[in-house]
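Counting starts at 1 for both ligands and their atoms, following the listed order. Here the structure is a predicted model, which means the values were calculated and not measured.
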Amino acid sequence: HDKWEIDHNELMLLDELGSGQFGVVRRGKWRGSTDVAVKMMKEGTMSEDDFIEEAKVMTKLQHANLVQLYGVCSKNRPIFIVTEYMRHGSLLNYLRRHEQSLATNQGLLLDMCIQVCKGMSYLERHNYIHRDLAARNCLVGTENIVKVADFGLARYVLDDQYTSSGGSKFPIKWAPPEVLNYTRFSSKSDVWAYGVLIWEVFTCGKMPYGRMKNSEVVERVQKGIILDKPKACFKEVYDVMKKCWAPLPESRPSFRILKDTLLNVSQGIL
Ligand SMILES: COc1cc2c(cc1NS(C)(=O)=O)=CC1=C(NCc3c(C)cccc3C)N=NC=21
């Protein structure tokens, strides 16, 4: 019995948590006691066999700031992807719901960014590129634990509106110039997206570039125009964002460096 294969008879599906373009996510219980989340992959949205191959690798990526993949139910269709359950949902929704209390708590906002950085530093160390890092793809658990989710899944999406940089669903606002021009993903393109994620956190979930059209955002990014400093954000934190948005990927810091930088900023200003 393959370790990553979960017997769907051992799953009890409970309330619906949300639904995205790849399917519905429901809360569940595994073997009667373990809280899980189950993503039921809408048929035809994903190259399933490739993903199942990848699931074997993903179950080996284990870190306190990565949403743990428990396994897949791949014997039936739709396939189920089973992960640990994060009781406060997506970071983006959490920021928006708790704006009042979070807006004045820079320490907590910075701590959330550092947790994401630790998860991303682990992926970087394992040469694993996320490709779709954003606050919507991070999840919040108990005691303000923040974890990176959905890492690497973008490669298996069949909808080319989502995968090609010209597509209507492509996350343009989190993409650096080399991804917009050549779809060249790397851990340094993840670093650019991480800079936008810090901006999302310090604006408590605002949409980057507001309601600006994708074509206008692309033009600005190509010209080197970057997002403004959020009101409630220390200058030192904005300086880190600007490092993440260096036009050339090789000029951007690694997540390993970013982690040390942010920890110093945290000690310095708090
Ligand atoms: C409590 O609220 C929630 C909790 C979760 C959640 C969404 C919400 N609600 S919401 C929509 O944000 O408002 C999604 C998950 C999840 N994993 C998702 C996942 C699976 C199952 C498979 C592959 C990739 C991923 C990321 N673990 N816990 C939660």
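Among protein heavy atoms, atom 9 (N) of ligand 1 sits closest to Leu17 O, 3.4 Å. Looking only at heavy atoms of the protein, atom 24 (C) of ligand 1 is closest to Asp150 OD1, 3.5 Å.
Within the 4.5 Å cutoff, the side chain of Met58 has heavy atoms near those of the Phe151 side chain.
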Could you go step by step and tell me if Phe255 and Tyr194 meet the ring pair (Phe, Tyr, Trp, His ring centres under 6.0 Å) rule?
-> CA-CA 9 Å; Phe255 282 107; Tyr194 178 70; 5.6 Å; yes
For salt bridge (charged side-chain N to carboxylate O under 4.0 Å, His left out), just list the numbers for Lys147 and Glu84, CA-CA rounded to whole Å, side-chain angles, deciding distance to a tenth of an Å, and then say yes or no.
-> CA-CA 11 Å; Lys147 302 195 181 193; Glu84 70 175 299; 3.0 Å; yes
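Taking every non-hydrogen atom of Arg97 and a distance limit under 4.0 Å, the qualifying atoms of ligand 1 come out as 13 (O). Below 4.0 Å from some heavy atom of Ile81 lie the following atoms of ligand 1, by number and element: 21 (C), 22 (C), 23 (C). Remark: ligand 1 atoms within the under-4.0 Å shell around heavy atoms of Arg87 are 1 (C). Close approach to Asn93 involves these atoms of ligand 1, each under 4.0 Å from a residue heavy atom: 10 (S), 12 (O), 13 (O). Listed by number with element, the atoms of ligand 1 under 4.0 angstrom from any heavy atom of Ser90 are 12 (O). In the vicinity of Ala149, heavy-atom distances shorter than 4.0 Å reach the ligand 1 atoms 26 (C). Against a heavy-atom cut-off of under 4.0 Å, Tyr85 is close to the following atoms of ligand 1: 1 (C), 27 (N), 28 (N).
Crowding of Arg96 atom CZ: a count of heavy atoms from other residues, nucleotides or ligands under 6.0 Å exceeding 12. In the displayed structure, Arg87 atom CZ is contacted under 6.0 Å by at most 12 heavy atoms of other residues, nucleotides or ligands. Gln100 CD: 12 or fewer foreign heavy atoms inside a 6.0 Å radius.
At a 4.0 Å heavy-atom cut-off, ligand 1 touches Leu139 through the side chain alone.
Looking at Glu84 next to ligand 1, an N or O pair under 3.5 Å apart turns up. When only interatomic distances are considered, the shortest N/O to N/O separation between Met86 and ligand 1 falls below 3.5 Å.
Which of Thr83, Val67, Asp15 comes nearest to atom 17 (N) of ligand 1 through a heavy atom is settled by distance: it is Thr83. Of the listed options Gly89, Gly141, Gly23, Gly89 places a heavy atom closest to atom 3 (C) of ligand 1.
Ring geometry for His98 against His88 counts as perpendicular: the plane angle is over 60°, on a 0 to 90° scale with 30° as the lower cut.
A distance of 8.5 Å separates CG of Leu227 from CE of Met241, quoted to the nearest 0.5 Å.
Ser164 places no side-chain N or O within 3.5 Å of a backbone atom of Gln161 that could act as its donor or acceptor partner.
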